[in-house]
Amino acid sequence: MGDWFKRAVVYQVYPKSFMDANGDGIGDLRGVTEKLDYIHELGANVIWLNPIYKNSGVDGGYDISDYRAIAPEFGTMEDFDELLRQAHARGIRIIMDLVVNHTSTEHAWFKESRANKDTPKRDFYVWRPPFEGGVPNGERSIFSGSAWEKDEATGEYYLHMFAKEQADLNWHNEQVRQGVYDMMRWWLDKGIDGFRMDVIDMIAKPEEALASDGGPHRNVSTGPKEHLYLREMNREVLSRYDTMTVGETSSATVESAADYANLDGSELSMIFQFQHVSVDEAPKYKWCTDPLHLPKLKCVFDKWETGLYGKAWNSLYWNNHDQPRIVSRFGCDSDEASRVRSAKMLGACLHMMQGTPYIYQGEELGMTNYPMKSIDESLDVESINAYHELVEEKHEMTPEQMMACIRRKGRDNARTPMQWTAEKNAGFTHSKPWMPVNPNHTVINAQAQVGDLDSVFSFYQKLIRIRQEYDVVIDGRFELLMPEDEQVFAYIRDDGKQRMLVICNFSDRDAVLTADAQMEGQILIGNYHEEREKQKLRPTETRIVILKE
Ligand code: TEU
Ligand code: CA
């Protein structure tokens with residue numbers, strides 16, 4: 001493992017909604033190849049490609065039925081090879097989604113496992129006998145309902161932590177692990193540059209959570225063998241290639257990250273922690289509309305930035321295919337000027353921290369949440385199941401309350417087609433898009449922004465250049481200023497040679513800087529043209545300053 005990941009800026013492509021090259025309404029691999037110059041112009045040097053493997057169409061490609069085949073709607077293996085070649089020719093590396101906590105129930109392994117209690121494949125998945133005639137225990141699926149599904153043929157239950165079409169693999173089985181490592185080597189031998197590892201903190205489930213004992217819902221994440229398995233994967237696969245890896249670990253803490261993302265390279269390059277995207281969640285998961293309380297968010301970043309310094313590496317993200325659009329969430333998208341300004345402010349806040357930044361397609365344009373009216377419009381298994389459970393079964397929320405939550409937090413927000421132009425279907429496709437395009441594409445689109453020096457796109461371009469030019473962004477220590485302030489997020493980066501000050505007003509009101517955040521220096525970038533007042537910030541104002549010695 002080299003350490004190029006420290007200088008990487010990752011652009012995440014959700015292929016289904018990125019660019020449709022063959023006009024069937026679904027984004028595809030040739031569409032990604034067509035748009036490589038756009039990603040290159042932005043300045044990103046790594047692409048994370050969401051799953052493109054053959055799948056059963058239940059969970060956006062995260063229900064894989066063949067790890068070595070491309071889903072026909074995305075194209076062919078030749079299309080993939082061409083994409084990889086063209087990306088490498090531009091100095092862009094590609095990391096692939098590795099989804100190995102579960103497979104689709106249509107995967108050959110599962111079909112064999114289900115068909116016969118005596119095949120060695122039976123143990124590839126988590127099968128349990130009923131407990132007192134019912135489910136083995138109270139384990140709950142993240143996508144609502146029990147995590148156990150009964151198979152009528154054998155009378156046993158299999159575990160699915162997500163949709164019932166996504167059966168959890170049994171990582172305690174040596175052959176499962178070897179099968180996964182073989183597949184990883186197969187892709188790395190093709191020339192890909194690493195993996196983003198889906199729910200990798202869930203692979204080593206503690207045995208007691210799986211017992212058929214009628215027990216309660218228990219935590220299946222970070223079981224005792226978690227790091228053992230990742231070290232094995234590192235030894236047998238990753239360490240033999242020049243890779244970058246990022247584990248998706250919603251349960252990670254600063255303490256566990258010191259193992260997962262240790263700078264000694266024994267496990268992964270970095271992880272996605274979830275604490276900063278959970279600050280506006282109620283005790284009951286994400287279905288609420290609570291506003292952001294800024295000191296909480298600052299406290300989380302402070303903990304991760306200082307906690308991992310010199311020990312492990314951070315990832316930095318606001319958005320991905322599971323998260324609502326950041327400008328609609330922590331920014332202000334009610335009018336065009338505030339949308340542009342707050343999208344820039346949020347970019348500056350994140351990109352000047354220590355870690356590898358990830359930009360999710362359309363974030364660089366300040367794309368917003370989608371104005372969904374009714375649940376019938378949702379295409380996301382998570383939102384649909386949650387609606388049925390919370391509104392129709394348990395009557396915990398009215399339809400209006402739940403729709404407000406889905407509009408604010410639902411995953412469909414991230415998955416509407418990329419907005420390339422102001423034309424019909426936003427230039428994403430020539431036919432009917434698989435998912436509706438946000439009506440605001442007439443205003444928010446790439447064509448309007450590329451080359452416009454005041455656009456969100458140009459601002460992101462500059463942020464990436466600053467990161468490349470100033471080593472303090474890569475190496476400097478992080479020091480939070482004004483921790484209790486409810487409007488301003490301000491911090492210093494200091495590498496002993498240079499000091500950088502980053503100030504961000506998260507509110508759409510004027511804000512006042514305390515003395516320690518008023519230092520003078522050279523402003524590298526900001527989101528207002530006119531002269532500034534030293535002690536005051538205007539609504540959603542941001543500035544990045546190199547401080548005088
Ligand atoms: O997400 C895992 C995960 O933690 C999600 O359940 C997340 O909490 C939720 O989507 C937030 O709304 C990964 C993938 O990123 C997601 O797209 C998949 O649906 C999931 O795994 C199952 O593979
Ligand atoms: Ca297509």
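Both ligands and their constituent atoms are indexed starting at 1 by order of listing. Keep in mind it's a predicted model, so treat the numbers as computed, not measured. All values below come from the heavy atoms of this structure, side chains included, with hydrogens, waters and symmetry mates left out.
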Of all the N, O or S atoms in Asp20, the one nearest to the Ca ion (ligand 2) is OD1
Picking from Tyr360, Phe272, Tyr358, Tyr11, what satisfies ring-ring contact (aromatic ring centres under 6.0 Å, His included) with Tyr317? Phe272
Parallel, tilted or perpendicular, as decided by the 30° and 60° cut-offs, for the rings of His321 and Trp48: perpendicular
Matching residue for Phe143 among Glu382, His160, Met161, Glu389 - test: side chain to side chain contact (heavy atoms under 4.5 Å, CB included): Glu382
Is there a ring pair (Phe, Tyr, Trp, His ring centres under 6.0 Å) between Phe18 and Trp420 once you walk through the steps? CA-CA 9 Å; Phe18 194 56; Trp420 295 106; 5.1 Å; yes
Which atom, counting only N, O or S, brings Asp24 closest to the Ca ion (ligand 2)? OD1
What pairs meet the side chain to side chain donor-acceptor pair (under 3.5 Å) rule with one or both residues in residues 26-36, with sequence neighbours excluded? none
Quick check for you: with the Ca ion (ligand 2) as the vertex, what angle do O of Ile26 and OD1 of Asn22 span, to 10°? 160°
Do the side chains of Glu73 and Lys54 get close enough for a salt bridge, i.e. N-O under 4.0 angstrom? no
For ligand 1, what is the set of protein residues having any non-hydrogen atom at a distance below 4.0 Å? Asp59, Tyr62, His102, Ile142, Phe143, Phe162, Gln166, Arg196, Asp198, Val199, Glu248, Tyr285, Lys286, His321, Asp322, Glu382, Arg411, Arg415
Check all N, O or S atoms of Asp28 and name the one closest to the Ca ion (ligand 2). OD2
Report yes if some heavy atom in the side chain of Leu294 is under 4.5 Å from a heavy atom in the side chain of Leu292; otherwise report no. yes
Under a 3.5 Å distance rule, please check whether Asp201 uses its side chain to pair with a backbone N or O of Ser250 as donor and acceptor. yes
